[in-house]
Amino acid sequence: MKVKKAVIPAAGLGTRFLPSTKAQPKEMLNIFDKPSIQYIVEEAVEAGIEDILIILGRNKKSIEDHFDKSYELEDKLKSKGKKELLEGVEKISNLGNIHYIRQKEPLGLGHAIYCAKAFVGNEPFAVMLGDDIVKSKKPCIKQLIEKYEEYNSTIIGVQEVEKSQVDKYGIVKGEKINERLYKVEDLVEKPKVKEAPSNIAILGRYVISPEIFPILQHTKPGAGNEIQLTDGLKELARRRNVYSYVFEGKRYDVGNKLGFLEATVEFALDDKELGSTFKKYLKNLIK
Ligand code: G1P
């Protein structure tokens, strides 16, 4: 079955970025020249996703405004003949069909995804977390969609992380099928470094079968006393084949300050207009 829908949870409070996130969503913080959530939406659209559900919490209105049509601004840009800027702005409001729903209480990622049940219906769907931005030749979620279509089973996007970092992630234990694909045997959300079954971490991209919903409905709070998607997927892996796929690409953890800076600097260096000047500036700075 084709994967046409994506769910982007964006209900978190963004406490790691206070005070910047006191009055604005962390998903709207700028990475080089656009808000971080736009990278995620663009990745979904490039991968052929048609409908995107963004799960919001309170104080997230500016995300809706960002992807909405901006008549006054478009009018002004048109009358001033600013063609390129106009195209850029119009492009944002034409990025697929974006839907919104509110997660009324922050009960965890598993609960946020459960809120997408009616939107998803009985189809496989992508889940894309905004704290992970991936720079790759083929959009990261497209790589997972292709594997879903090949195996007709839930696929979890993973990469190796430093052993000392495993307590920040969902960790996968799997049986190697080939270079990039593992059959999931166990999943643990944020294990202690000494107890982790591996250093293969879930990095914010999934393609999941709708069979997850009746499981999430009964998933009890786990790590951090939150309803964890990882725990739901662990139960799914008991019932059906679930695979993890080591996706190609560089992943930035924009949910912490260092990762956010790395992404900002590297995306600026990649920019056609500013890249080389910025590189010179950096070289001089650190001489
Ligand atoms: C979430 C997931 C975790 C995953 C991580 C990737 O955790 O629960 O399994 O490894 O995203 O970024 P969070 O970072 O939201 O605590």
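Atoms within a ligand are numbered from 1 in the order they appear, just like the ligands themselves. Numbers for residues simply follow the sequence, beginning at 1. Side chains are part of it too, since the values below use all heavy atoms of this structure and drop only hydrogens, waters and symmetry mates.
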Proximal atoms of ligand 1 relative to [X] (non-hydrogen, under 4.0 Å):
X	result
T230	9 (O)
K190	7 (O), 13 (P), 16 (O)
D132	6 (C), 12 (O)
Q228	8 (O)

For this session: State, with a plain yes or no, whether a side-chain heavy atom of F67 is found less than 4.5 Å away from one of I92.
Result: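 F67 reaches I92 side chain to side chain.
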Do NZ/NE/NH1/NH2 and the carboxylate oxygens of [X] and [Y] come within less than 4.0 Å?
X	Y	answer
D231	K220	no
R205	E43	yes
K60	E27	yes

Using distance alone, determine whether [X] and ligand 1 share an N or O pair under 3.5 Å.
X	answer
G170	yes
G204	no
K168	no

Exercise. Below 4.0 Å from any atom of ligand 1, is there a heavy atom belonging to L129?
Worked result: yes
Exercise. So is D131 in contact with ligand 1, going by heavy-atom distances below 4.0 Å?
Worked result: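 No.
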For this session: Ignoring hydrogens, tell whether any protein atom lies closer than 4.0 Å to atom 7 (O) of ligand 1; use the non-hydrogen atoms only.
Result: yes
For this session: Determine, step by step, whether E46 and K138 satisfy the salt bridge (Lys or Arg N to Asp or Glu O under 4.0 Å) criterion, reporting the C-alpha distance in whole Å, the side-chain angles of both residues, the deciding distance to 0.1 Å, and the verdict.
Result: CA-CA 9 Å; E46 272 173 46; K138 188 182 282 184; over 6 Å; no
Exercise. To which protein heavy atom is atom 9 (O) of ligand 1 closest, and what is the distance rounded to 0.1 Å?
Worked result: E189 OE1, 2.7 Å
Exercise. In terms of hydrophobic clustering (I, L, V, M, F, W, Y; side-chain heavy atoms under 4.5 Å; direct or indirect links), are F119 and V41 co-clustered?
Worked result: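 Different clusters.
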For this session: Would you please indicate if the ring centroids of Y245 and Y182 are separated by under 6.0 Å?
Result: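 Not under 6.0 Å, so no.
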For this session: Check I202 against ligand 1 and report side chain, backbone, both or neither, counting heavy atoms closer than 4.0 Å.
Result: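 Looking at I202 and ligand 1, atoms from backbone and side chain both fall under 4.0 Å.
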For this session: Could you grab the distance from atom CD1 of I55 to atom CG of L109, nearest 0.5 Å is fine?
Result: 8.5 Å
